[in-house]
Undergrad: 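Input: one structure, supplied below.
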Amino acid sequence: MENILIVLVLGLFAAMLFLNFYFRVKVLKTYKKLVQNGVEFNVKHFLSKEKMEQEIYPRYPHMRKEIDIFVRHIQYSVKMATVLTTLITILGGILMYYRKT
């Protein structure tokens, strides 16, 4: 049982590293386009679709697709990192419990 948990934790850690590099490449590619076109927005716009609709899209209507892609990638990477970190923590806790007994 202990070996299975160790393999699961290592596999999830590897998945988290892969996810980090994969989304970093995708996010930076889209971010580069946004910077080249002078698009600026804050974290509050990521969190509120209404603020994005009211403040950002009217200023940069030609970049709406790239903004949407960028925000979607950031939100998805945060969700996946949260899930993977939670799983690693839970499995690590279980592994610590089994190692004590």
Side-chain angles (χ1 to χ4, degrees):
M1 182 70 172
E2 188 175 323
N3 291 336
I4 293 172
L5 287 173
I6 290 172
V7 169
L8 282 174
V9 169
L10 290 175
L12 287 171
F13 187 76
M16 195 163 147
L17 284 175
F18 173 76
L19 182 78
N20 183 12
F21 288 118
Y22 176 74
F23 277 107
R24 185 169 290 184
V25 168
K26 286 186 133 276
V27 166
L28 288 177
K29 191 167 103 175
T30 307
Y31 181 72
K32 183 179 175 184
K33 287 181 189 176
L34 294 175
V35 168
Q36 287 174 345
N37 287 289
V39 177
E40 295 179 12
F41 51 91
N42 295 324
V43 175
K44 67 180 178 180
H45 297 110
F46 281 29
L47 302 174
S48 174
K49 188 131 181 114
E50 294 156 355
K51 284 196 181 280
M52 188 71 84
E53 293 282 343
Q54 294 171 356
E55 298 174 13
I56 301 301
Y57 292 144
R59 276 198 275 169
Y60 310 104
H62 63 288
M63 297 300 292
R64 184 180 178 118
K65 180 181 174 187
E66 286 79 9
I67 294 169
D68 284 340
I69 291 170
F70 179 74
V71 170
R72 198 171 344 122
H73 285 303
I74 292 289
Q75 290 173 343
Y76 186 69
S77 66
V78 168
K79 287 176 189 174
M80 289 302 296
T82 302
V83 168
L84 289 173
T85 303
T86 303
L87 285 173
I88 290 170
T89 304
I90 290 170
L91 291 174
I94 293 170
L95 184 61
M96 286 176 55
Y97 173 76
Y98 276 110
R99 285 194 135 181
K100 285 184 180 179
T101 58

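We use all heavy atoms of the structure for the numbers below, so side chains are in, but hydrogens, waters and symmetry mates are not.
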Undergrad: Nearest 0.5 Å please: distance from the CD1 atom of I94 over to the OG1 atom of T89.
TA: 11.0 Å
Undergrad: Taking CD in Q36 as the centre, count heavy atoms belonging to other residues, nucleotides or ligands within less than 6.0 Å. Is the count above 12?
TA: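 Enclosed.
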Undergrad: Quick one: side chain to side chain contact (heavy atoms under 4.5 Å, CB included) partners of K44, sequence neighbours excluded?
TA: N42, K51, E55
Undergrad: When rounded to the nearest 0.5 angstrom, what is the spacing between CG in L17 and CG in L12?
TA: 11.5 Å
Undergrad: Run the side-chain donor-acceptor check on residues 22-35: report pairs under 3.5 Å with partners two or more places apart or on a different chain.
TA:
residue	atom	partner	partner atom	Å
R24	NH2	N20	OD1	3.4
T30	OG1	K26	O	3.2

Undergrad: Quick one: does E40's side chain get under 4.5 Å of Y60's, heavy atoms only?
TA: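 Of all side-chain heavy-atom pairs linking Y60 with E40, at least one is under 4.5 Å.
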Undergrad: Throw together a table of side-chain donor-acceptor distances under 3.5 angstrom for residues 67-78, partners on residues two or more places apart or in other chains.
TA:
residue	atom	partner	partner atom	Å
D68	OD1	Y57	OH	2.1
Q75	NE2	F46	O	2.9
S77	OG	H73	O	3.2
S77	OG	I74	O	2.9

Undergrad: For T86, enumerate each residue passing the side chain to side chain contact (heavy atoms under 4.5 Å, CB included) test, keeping only those at least two apart in sequence or located in another chain.
TA: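 Scan of T86 (side chain to side chain contact (heavy atoms under 4.5 Å, CB included), adjacent residues dropped) gives T82, I90.
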Undergrad: So, using side chain to side chain contact (heavy atoms under 4.5 Å, CB included) as the criterion, who are the partners of L8 when residues are at least two apart?
TA: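 Counting only residues at least two positions away or on another chain, L8 forms a side chain to side chain contact (heavy atoms under 4.5 Å, CB included) with I4, L91.
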Undergrad: Applying salt bridge (charged side-chain N to carboxylate O under 4.0 Å, His left out), name anything that partners E53, two or more places apart in sequence or on another chain.
TA: R64
